[in-house]
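Note that the numbering runs from 1 along the sequence shown for the chain.
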Amino acid sequence: MAMFCSQAGARPRTWEASPPEHKKWVEVFKACDEDNKGYLSREDFKVAVVMLFGYKPSKIEADSVMSSVDPNTSGIRLKEFLDIVRKKKEAQLYRNEVRHIFTAFDRHYRGYLTLEDFKKAFKQVAPKLSERIILEVFRGHRFDSSLGS
């Protein structure tokens, strides 16, 4: 049911890093802050994302992050960095959870759900839900393996 509630607009639950993961994030921040400036520049941030998530952030992502930091600083301070990384990790885990649930209902491995697949899924997770509501939800969303990526 989590997939369907989430698709309907519910927010993913808050996630907190384990102490070893938090420590790793701090170590990555320090490693990327080569001159011990106390903040990460745009380029430092990109390197940190590669180290933690395995991809180079797009110009749009980097612009978004840099525009969200305190304008009185020259970059991303540790506290801001930890918050950004936590949110990215939370979103990553949420997408993985949605993908996992989708895959469980995509029994024929087609990469999309038909109306029949959708009805069967709802019968399992919400058997008392009316067919009319299931049909409305199905018509109002795109359910394929790309999941908006």
Side-chain angles (χ1 to χ4, degrees), residues 1-114 117-118 120-126 129 133-134 136-149:
M1 183 64 183
M3 176 183 128
F4 306 110
C5 289
S6 300
Q7 290 290 337
R11 296 290 306 155
R13 61 189 162 275
T14 302
W15 175 85
E16 292 300 324
S18 66
E21 192 156 28
H22 185 270
K23 182 180 178 197
K24 178 182 176 184
W25 297 353
V26 172
E27 288 170 358
V28 166
F29 179 90
K30 289 177 180 176
C32 293
D33 179 17
E34 291 181 15
D35 300 329
N36 295 320
K37 306 174 296 287
Y39 62 86
L40 299 182
S41 68
R42 174 190 201 85
E43 291 308 310
D44 296 337
F45 172 72
K46 288 180 178 181
V47 172
V49 170
V50 170
M51 291 174 72
L52 291 171
F53 296 96
Y55 77 93
K56 181 181 174 189
S58 68
K59 179 182 181 335
I60 294 170
E61 182 178 354
D63 287 347
S64 173
V65 167
M66 296 311 289
S67 70
S68 71
V69 299
D70 183 349
N72 297 322
T73 63
S74 300
I76 305 166
R77 300 231 176 259
L78 177 60
K79 183 178 183 307
E80 293 169 315
F81 175 75
L82 294 174
D83 191 47
I84 290 165
V85 171
R86 181 189 56 77
K87 287 177 182 172
K88 286 181 71 56
K89 185 68 174 184
E90 187 175 90
Q92 181 184 53
L93 292 170
Y94 175 68
R95 282 190 305 273
N96 289 345
E97 180 182 3
V98 170
R99 188 173 306 281
H100 178 76
I101 292 168
F102 174 88
T103 303
F105 293 131
D106 182 19
R107 294 177 183 198
H108 302 287
Y109 308 104
R110 293 178 292 218
Y112 60 88
L113 297 180
T114 65
D117 296 332
F118 205 67
K120 286 178 186 174
F122 266 98
K123 272 200 183 346
Q124 289 178 342
V125 297
L129 204 57
I133 291 176
I134 294 170
E136 284 178 19
V137 171
F138 183 81
R139 286 183 176 154
H141 290 81
R142 187 178 120 205
F143 295 99
D144 62 37
S145 61
S146 69
L147 297 171
S149 339

Problem set entry | K59/D63 under side-chain contact (heavy atoms from CB on, under 4.5 Å): CA gap, chis, key distance, verdict | CA-CA 6 Å; K59 179 182 181 335; D63 287 347; 3.0 Å; yes
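To the nearest 0.5 Å, atom CG of residue N36 and atom NZ of residue K30 are 9.5 Å apart. Atom CD of E43 sits about 11.0 Å away from atom SG of C32, to the nearest 0.5 Å. Here the CD-NE2 distance, from E27 to H22, works out to 11.0 Å after rounding to the nearest 0.5 Å. The structure places CD1 of I134 at 7.5 Å from CZ of F118, a figure rounded to the nearest 0.5 Å.
Put simply, the side chain of K89 reaches to within 4.5 Å of the side chain of L93, judged on heavy atoms. Inter-residue side-chain proximity for N96 and H100 is flagged as unmet; no heavy-atom pair is nearer than 4.5 Å. Residues K87 and I84 have side chains not in contact (no heavy-atom distance under 4.5 Å, counting atoms from C-beta outward). Residues T114 and H108 form no side-chain contact, since every pair of their non-hydrogen atoms from C-beta on lies 4.5 Å or further apart. Between R107 and D117 there is no side-chain heavy-atom pair separated by less than 4.5 Å. Proximity of Y39 to D44: side-chain heavy atoms (C-beta onward) are nowhere separated by under 4.5 Å.
Scanning all heavy atoms of the two residues, the minimum distance from L113 to F138 falls at O-CE1, 3.6 Å. Among all heavy-atom pairs drawn from M66 and L40, the shortest one is CE-O, 4.4 Å. The minimum heavy-atom distance between P57 and F45, with the atom names listed, is CG-CE2, 4.3 Å.
Relative ring orientation between F81 and F29 is described as tilted, the plane-to-plane angle lying within the 30° to 60° band.
Under a cutoff of 6.0 Å and an axis angle of 45°, R110 and Y112 form a cation-pi pair.
Each of K88, K46, R42 was scored for a salt bridge (Lys or Arg N to Asp or Glu O under 4.0 Å) with E61, with one residue passing: K88.
Other residues, nucleotides and ligands place no more than 12 heavy atoms under 6.0 Å from the NZ atom of K24. Crowding of K37 atom NZ: a count of heavy atoms from other residues, nucleotides or ligands under 6.0 Å exceeding 12. The number of heavy atoms from other shown groups lying within 6.0 Å of OH (Y55) is above 12.
Inspection of the D106 and T103 side chains reveals no N or O donor paired with an N or O acceptor under 3.5 Å.
Salt bridge D83/K79: absent, no basic N to carboxylate O contact under 4.0 Å.
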